[in-house]
Amino acid sequence: NTTMAASFKDTFIETAINTGVLLFGEFTLKSGRKSPYFFNAGLLYDGQLLSATADAFASTLQTNVADFDVLFGPAYKGIPLAAVTCVALANKGINKAYCYNRKEKKDHGEGGTLVGAPMAGKKVVIIDDVMTAGTAIREAIAILREQPGAQLVGIVQLVDRRERGKGDSSTAQEVAKEFGVPVLPIISINDIIAYLKTRGGYEDQVKAIEAYRAQYGVAA
Ligand code: OMP
C-alpha cells in the first residue's frame, strides 16, 4: 500500500545505518520490550536525509490519502517530520497546513498546547516516527480528538516495527481497524531484514531481530 520503491528503501536504510539513525545492539523500548535494534528519527538531522524522508512522506500521502487538510506531528519527533513533509508537498504544488503539540502546558503568551494550523473541523493526517506497542500513536490520536470536529483520515509512520499491539495483530493493523483509517509505513522491519540479508555481514543482527520478532512480532 505504499509507493516507495525497493531501491528507495535500500538507500534509505543504508543511509540510516551509516548515520546512526538505525542502530543494532540492546535497547529498552518505551513499552519495556528489549529490542536488538532501534530507529532514532531524532538523528535525521542531515539535510539530504531529511529531504529524502520528507519526499517519501509526501509521495506516500499523495498516492494513498485522497483528501486531507492538516498534518499533525506529535511532539517531539513528529514535529520536524510534519514540517518538512508540509514543505515537500508544497514543492509538488500541494499546499497543506501543519501543526504540533507541546509536551508542556504553557500558561503565558498564546497559551494552549497546540501550535500551528487549527485541527478543529479539519481532516487530519498524523505524521509519526515509529510504532511499537501503540502508546505514542494513541496519545496523539487522543490529542486530535479533543479538537471539535477534527477528523483523523490517515496515519503515515516512518518505520513500522510490525509488533503486536494489544492483541495478536500488529499495532498498525489494530489502530487502522479501531479508528477506520489507513496506517501507512514508509519502511517496515521486513524491509530492514531484507536489506540486511542482501547486504551480507549482518547475520548476527538478523538472528537477534528474528528471535525478537518470534516474541513480539506479527507474521511476516
Ligand atoms: P510505542 O508507544 O510503544 O508504540 O512506541 C513508539 C515510540 O517509541 C516512538 O514514538 C519512539 O518515541 C520510540 N521508539 C523509537 O523511536 N524507535 C524505536 O525503534 C522504538 C521505539 C520504542 O521505544 O518502541
Side-chain angles (χ1 to χ4, degrees), residues 9 12-46 49-50 53 56-57 71-85 99-104 125-145 152 154-179 181-196 202 205-206 208-218:
K9 291 179 178 180
F12 185 81
I13 293 164
E14 180 170 285
T15 313
I17 292 172
N18 291 340
T19 53
V21 170
L22 176 56
L23 292 173
F24 303 104
E26 267 185 45
F27 307 91
T28 301
L29 304 183
K30 187 173 169 155
S31 50
R33 298 176 187 181
K34 297 224 182 335
S35 169
Y37 75 100
F38 192 85
F39 187 95
N40 185 355
L43 292 182
L44 291 168
Y45 53 61
D46 170 271
L49 191 51
L50 201 52
T53 305
F57 271 109
L71 305 177
F72 171 34
Y76 293 98
K77 289 171 184 171
I79 299 174
L81 296 179
V84 295
T85 301
C99 69
Y100 59 90
N101 63 302
R102 298 177 201 283
K103 288 213 177 184
E104 318 77 19
V125 174
I126 297 178
I127 299 293
D128 204 7
D129 60 346
V130 180
M131 263 186 214
T132 306
T135 309
I137 190 65
R138 285 172 198 281
E139 283 170 9
I141 293 170
I143 292 168
L144 182 159
R145 290 182 135 199
L152 179 66
I155 297 168
V156 189
Q157 55 170 337
L158 189 46
V159 180
D160 186 358
R161 296 177 54 102
R162 295 181 52 81
E163 292 184 33
R164 278 202 293 277
K166 296 175 174 172
D168 286 338
S169 306
S170 77
T171 294
Q173 288 164 330
E174 284 181 0
V175 168
K177 198 168 165 204
E178 188 175 333
F179 299 97
V181 296
V183 179
L184 308 157
I186 307 287
I187 62 165
S188 81
I189 184 57
N190 295 2
D191 300 314
I192 294 173
I193 292 174
Y195 170 83
L196 296 177
Y202 285 102
Q205 287 85 347
V206 170
I209 294 171
E210 282 174 347
Y212 176 80
R213 295 193 81 200
Q215 194 174 1
Y216 295 112
V218 293

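Just follow the structure's listing: the first ligand is 1, and inside any ligand the first atom is 1. Throughout, residue positions are numbered sequentially from 1 according to the sequence presented.
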salt_bridge(Arg161, Glu163) N-O dist < 4.0 Å: yes
Criterion side chain to side chain contact (heavy atoms under 4.5 Å, CB included) on Val84 and Thr53, from CA distance to verdict: CA-CA 8 Å; Val84 295; Thr53 305; 5.8 Å; no
Arg161 neighbourhood, listing ligand 1 atoms whose heavy-atom distance to it stays under 4.0 Å: 18 (C), 19 (O), 20 (C)
Residue pair Arg33 / Tyr212: nearest heavy atoms and the distance that separates them: CB-OH, 3.5 Å
Within-4.5 Å side-chain heavy-atom neighbours: Phe179 and Arg145: yes
Residue, atom name and distance, where the atom is the protein heavy atom closest to atom 16 (O) of ligand 1: Phe39 O, 3.3 Å
Atom 3 (O) of ligand 1: nearest protein contact (heavy atom, Å): Ala133 N, 2.9 Å
Enumerated ligand 1 atoms positioned under 4.0 Å from heavy atoms of Gly134: 1 (P), 3 (O), 4 (O)
Side chain, backbone, both or neither: the part of Thr171 lying under 4.0 Å from ligand 1 by heavy atom: neither
Closest contact, heavy atoms only, Ser169 versus Val218: C-CG1, 3.6 Å
Contact atoms of ligand 1, heavy-atom distance to Leu29 under 4.0 Å: 20 (C), 22 (C), 23 (O), 24 (O)
Shortest protein contact, atom 6 (C) of ligand 1 (heavy atom only): Val130 O, 3.3 Å
Ala136 neighbourhood, listing ligand 1 atoms whose heavy-atom distance to it stays under 4.0 Å: 2 (O), 10 (O)
Ser170 and Gln173: CA distance, side-chain angles, deciding distance, side-chain hydrogen bond (donor to acceptor under 3.5 Å, both in side chains) verdict: CA-CA 5 Å; Ser170 77; Gln173 288 164 330; 3.3 Å; yes
The one among Thr132, Leu22, Leu23 that brings a heavy atom closest to atom 22 (C) of ligand 1: Thr132
Atom 10 (O) of ligand 1 - nearest protein heavy atom and its distance: Asp129 OD1, 3.0 Å
Enumerated ligand 1 atoms positioned under 4.0 Å from heavy atoms of Thr135: 1 (P), 2 (O), 4 (O)
Protein non-hydrogen atom found under 4.0 Å from atom 13 (C) of ligand 1: no
Residue, atom name and distance, where the atom is the protein heavy atom closest to atom 20 (C) of ligand 1: Phe38 CE1, 3.5 Å
Distance (rounded to the nearest 0.5 Å) between Thr171 OG1 and Asp160 CG: 8.0 Å
CA sep, side-chain torsions, deciding dist, call: Val156, Asp128, side chain to side chain contact (heavy atoms under 4.5 Å, CB included): CA-CA 6 Å; Val156 189; Asp128 204 7; over 6 Å; no
Polar contact flag for Lys30 and ligand 1 (N/O pairs, less than 3.5 Å): yes
Could you tabulate the donor-acceptor pairs under 3.5 Å formed by side-chain atoms of residues 17-31, not counting sequence neighbours?
from, atom 1, to, atom 2, distance (Å)
Asn18, ND2, Glu14, O, 3.3
Thr19, OG1, Thr15, O, 2.7
Thr19, OG1, Ala16, O, 3.4

Residues Arg138 and Glu178 bridged, charged N to O under 4.0 Å: yes
Proximity to ligand 1 by part of Arg33, non-hydrogen separation under 4.0 Å: neither
